[in-house]
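Throughout, residue positions are numbered sequentially from 1 according to the sequence presented. The model shown is predicted, which means the values in this text are computed figures rather than measured ones.
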Amino acid sequence: ARSYVSAFTLLRHDGDIPGGVYCLGDPAAYSAGTCTMMGANGVVDTAVNQKLAAVGASANARMNPAWHSGQMMYHGNWFSQNKQVLIYAVSPVQTCGLTNVLSTPYDNMTVTGAAFTSRPSSNEHTLCFISLN
């Protein structure tokens, strides 16, 4: 996840930040080339993943494989708020491990000092929403 944050920072510096919703990392993690998170639907886009890999993101990265096969998602305009967000899940007891963790509610997220965004009541995973801007 850290390599993706760095890669997106470099793309922003070059004025080349994607505006869509994309599935990141290992394409094999995505059934039919799509991913879904909190109602947002993303697609596997080889050009976006290659662009990120060219600036240091791992093309084969997966997060916690127990949740959504280790998927990561990038949303280029979260709830039309002009927020770029990296989304992934880790085990129920882990923290996101990065700064710029966003808080709920999902339709008006703000950066918080918390170590994770949310944990479902079933405690099956920890959700991480990281602000990239």
query: Going through the distances and angles, do Tyr88 and Leu98 end up as a side-chain contact (heavy atoms from CB on, under 4.5 Å)?
result: CA-CA 12 Å; Tyr88 58 93; Leu98 295 172; 3.4 Å; yes

message: Working note: Ser58 + Ser3, criterion side-chain hydrogen bond (donor to acceptor under 3.5 Å, both in side chains); need CA distance, chi angles, decisive distance, verdict.
response: CA-CA 7 Å; Ser58 171; Ser3 72; over 6 Å; no

task: Please test Tyr22 against Val44 for side-chain contact (heavy atoms from CB on, under 4.5 Å), starting from the C-alpha separation and ending with a verdict.
output: CA-CA 6 Å; Tyr22 301 102; Val44 173; over 6 Å; no

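A distance of 12.0 Å separates CD1 in Ile17 from CG in Asn77, rounded to the nearest 0.5 Å. A distance of 6.5 Å separates CE of Met73 from CG of Asn41, quoted to the nearest 0.5 Å. Here OH of Tyr74 is found 4.5 Å from CD of Gln84. Values are rounded to the nearest 0.5 Å. The structure places CD of Gln71 at 10.5 Å from CG of Asp26, a figure rounded to the nearest 0.5 Å. Rounded to the nearest 0.5 Å, atoms SG (Cys35) and CG (Leu24) are 7.5 Å apart. For the atom pair CZ (Arg12) and CG (Asn133), the distance works out to 5.0 Å, reported to the nearest 0.5 Å.
In this structure, Ala61 and Met72 approach most closely via the heavy-atom pair CB-CE, 3.7 Å. Smallest separation of non-hydrogen atoms from Leu11 and Leu52: CD1-CD2, 3.5 Å. In this structure, Asn49 and Cys23 approach most closely via the heavy-atom pair ND2-O, 3.4 Å. Taking both residues in full, the closest heavy atoms of Val55 and Leu10 are given as O-CD1, 3.6 Å, listed atom of the first, atom of the second, then distance. Considering all non-hydrogen atoms of both residues, Thr99 and Ile130 come closest at O-CG2, 3.5 Å. When all heavy atoms are compared, the tightest approach of Thr95 to Val90 is O-CG2, 3.8 Å.
For Tyr106, the ring-ring contact (aromatic ring centres under 6.0 Å, His included) partners at least two apart in sequence or on another chain are Phe129. Here Asp45 pairs with nothing under the salt bridge (Lys or Arg N to Asp or Glu O under 4.0 Å) rule; sequence neighbours left out.
No side-chain donor from either of Ser118 and Thr104 sits under 3.5 Å from a side-chain acceptor of the other.
Using a distance-only test at 3.5 Å, with no hydrogens or angles considered, a donor-acceptor pair links the side chain of Thr126 to the main chain of Pro92. A side-chain donor-acceptor contact under 3.5 Å links Ser103 to the backbone of Thr110. The closest donor-acceptor contact from the side chain of Gln94 to the backbone of Ser91 lies under 3.5 Å.
Pairs passing the disulfide (SG to SG under 2.5 Å) check and including a residue from residues 70-131, sequence neighbours excluded, read Cys96-Cys128.
At least one side-chain heavy atom of Val5 sits under 4.5 Å from a side-chain heavy atom of Leu132. Contact of the Asn108 side chain with the Gln81 side chain is registered, since non-hydrogen atoms from C-beta on lie closer than 4.5 Å.
Both the sub-6.0 Å distance and the 45° axial angle are satisfied by Arg119 relative to the ring of Phe116.
Between Tyr4 and Phe8, the ring planes are tilted. Angles from 30° to 60° get that label.
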